[in-house]
Number of protein chains: 2
Amino acid sequence: MDLPDDRPEVISPMKRVEAHSLVDDIAQQLETAIVSGELRPGTKLSEQGLAKTLGVSRSPLREAIRRLEGRKLIERTPNIGARVAQLSPTELYDLLVVREALEGMASRRAAENMTEADVARLRELLHEHALQQEASAGAGYYQQGRDFDFHFLIIRASRNDRLIAMLCDDLYDLLRVYRYNSSTKPGRAKKALEEHEAIVEAIASRDGDRAEDAMRRHLRNARAHLERELADQGSVARAPGPGAL
Amino acid sequence: MDLPDDRPEVISPMKRVEAHSLVDDIAQQLETAIVSGELRPGTKLSEQGLAKTLGVSRSPLREAIRRLEGRKLIERTPNIGARVAQLSPTELYDLLVVREALEGMASRRAAENMTEADVARLRELLHEHALQQEASAGAGYYQQGRDFDFHFLIIRASRNDRLIAMLCDDLYDLLRVYRYNSSTKPGRAKKALEEHEAIVEAIASRDGDRAEDAMRRHLRNARAHLERELADQGSVARAPGPGAL
DNA sequence: ATCTTGTCGATTGTCGACAGTGTTCTATCG
DNA sequence: CGATAGAACACTGTCGACAATCGACAAGAT
């Protein structure tokens, strides 16, 4: 029995070419088109039109739409068509409540699991944010991508794949569709930065309870901020009333 | 196999039957087949076979599979086929962590929003559980459906549609696939009942903090119980299960 | 005897076409 | 002139067929 030691003629380290199905490609394209804003919420997705645009047949396109439908990124009404998911203010609020729950838990797990190197990276990010905010002082509108980086780093540190997928893949996609940002106004941005600091501190000291609490406080504040903005815009009041169920 | 007589123009008054598309039906059938155990985790879903069994063509079947794929109930590998989602012990644990976060939040919102009538119904359920447990004293294996009723009632009372959908439609489906029950052993059942009582009490007194805490404690205990069971079983040894199918 | 390689069968991926349904435009009637 | 009924159109829903790919088995070479 000779030792296998089989790396015989593999010169290049095995490019794992991941059997990309056409449906995967289409779904990916649709997803990026939606979250990038190219396809706005409520846009009707014509099968024929899209198929022609993407240069594919309707069958794989329909399957891609079905998958995104399962992820709640696309809504479909029989015999009418598919539309990009559109959230009412109430639905957005509900989604942010879910986010508070999930990301609070992620923050807790991150405090327990995050490597020192990642903690350092987190501090670095925080520092960059602070600098950026000083620079763009009043007009501060601090970059959406940066904020996402901060939250994503924490979420991934939770080491919980399901949690990561639900937040990074599904929930944040929906928030991106709405150009939602926790700190779009200068006053809020400053406060948000302080809250971020509190979160990092809690994580650095490996205090799960405090980390969850800080994150949830942060997200609650952001939500309240949004509510005020929506109220200012005089949009529809929540008013679900004790009717249902 | 011809379809059932398509009695063409029955003057049925306004069949506002939500335009059931064939894909919806198939997806529903697949879902129930999976959660009922008829299709065990890891089972390969042959398109031809299933299409012939259900009496439909492959196209709508494939679309239904895609939707369930988006919901993580089915996993698919290109050119190989679709399989019923299979959770490793780690993935099950991760899922239960997510459940703790979401259902804790649901419990909090329930404490804030639940009607008095529903609180009464909750107490009633609790009472039924207690009776049933006394009856089947030692052998207690208290019924999965009942336990679900309890949790579902609380979740729905959260008045958060997104939260409700995530828990009732998606997460609990996955747990059902694994015949997961928070209290499968007598000793645990008794303690679970006490924990349920604590939850109800917190909700009844409209204390959101305590309601969330009690629910999360309950779910953590259940999770720890499962961990011990898995550890006892050592290897995977997936017991034949309750003779499903 | 074992490993490689070519072929076969089966299954999945994709496509074009037809049928059913919703929408819209128009023509006619009140 | 406005409203309504009808028809034409466009779109989605479903199907069967063809192409591409994977797994298995068998034959040959080392």
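To find a chain, count down the sequence lines: A is the first, B the second, and so on, and within it residues start at 1.
- Distance CD/A:Glu91 to CG/B:Asp161: 7.5 Å, rounded to 0.5 Å.
- For A:Ile65 and D:dG13, the CD1 to C1' distance is 13 Å, given to the nearest whole Å.
- Using a 4.0 Å cut-off between charged side-chain N and carboxylate O, A:Arg66 and A:Glu63 make no salt bridge.
- For the pair B:Asp94 (side chain) and A:Asn160 (backbone), a donor-acceptor distance under 3.5 Å is absent.
- The CG-C1' distance, from A:Leu54 to C:dT14, rounds to 15 Å in whole Å.
- In summary, B:Glu47 and B:Arg76 engage in a salt bridge, as defined by a charged side-chain N under 4.0 Å from a carboxylate O.
- Within the helix from C:dA1-D:dT30 to C:dG30-D:dC1, the inter-axis angle between the opening and closing five-pair segments is 10°, rounded to 10°.
- B:Glu75 places its CD atom 16 Å from the P atom of C:dT12, with the value rounded to the nearest Å.
- In B:Glu112, the CD atom is crowded: over 12 heavy atoms of neighbouring residues, nucleotides or ligands sit closer than 6.0 Å.
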Can B:Thr53 and B:Gln29 be said to form a side chain to side chain contact (heavy atoms under 4.5 Å, CB included), step by step?
CA-CA 12 Å; B:Thr53 301; B:Gln29 284 192 52; over 6 Å; no
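- Within 6.0 Å of atom NZ in A:Lys52, 12 or fewer heavy atoms from other residues, nucleotides or ligands are found, so the atom counts as exposed in its surroundings.
- Between B:Arg176 and B:Asp173 there is a salt bridge, with a side-chain nitrogen of the basic residue lying less than 4.0 Å from a carboxylate oxygen of the acidic one.
- Between A:Leu61 atom CG and C:dG13 atom P the separation is 16 Å, expressed in whole Å.
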Report, as a single string ordered 5' to 3', how protein heavy atoms within less than 4.0 Å touch nucleotides 7-12 of chain D: B base, S sugar-phosphate only, - not at all.
----SB
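- Across the protein-nucleic acid pair, A:Arg66 atom CZ and C:dG13 atom P stand 17 Å apart, rounded to whole Å.
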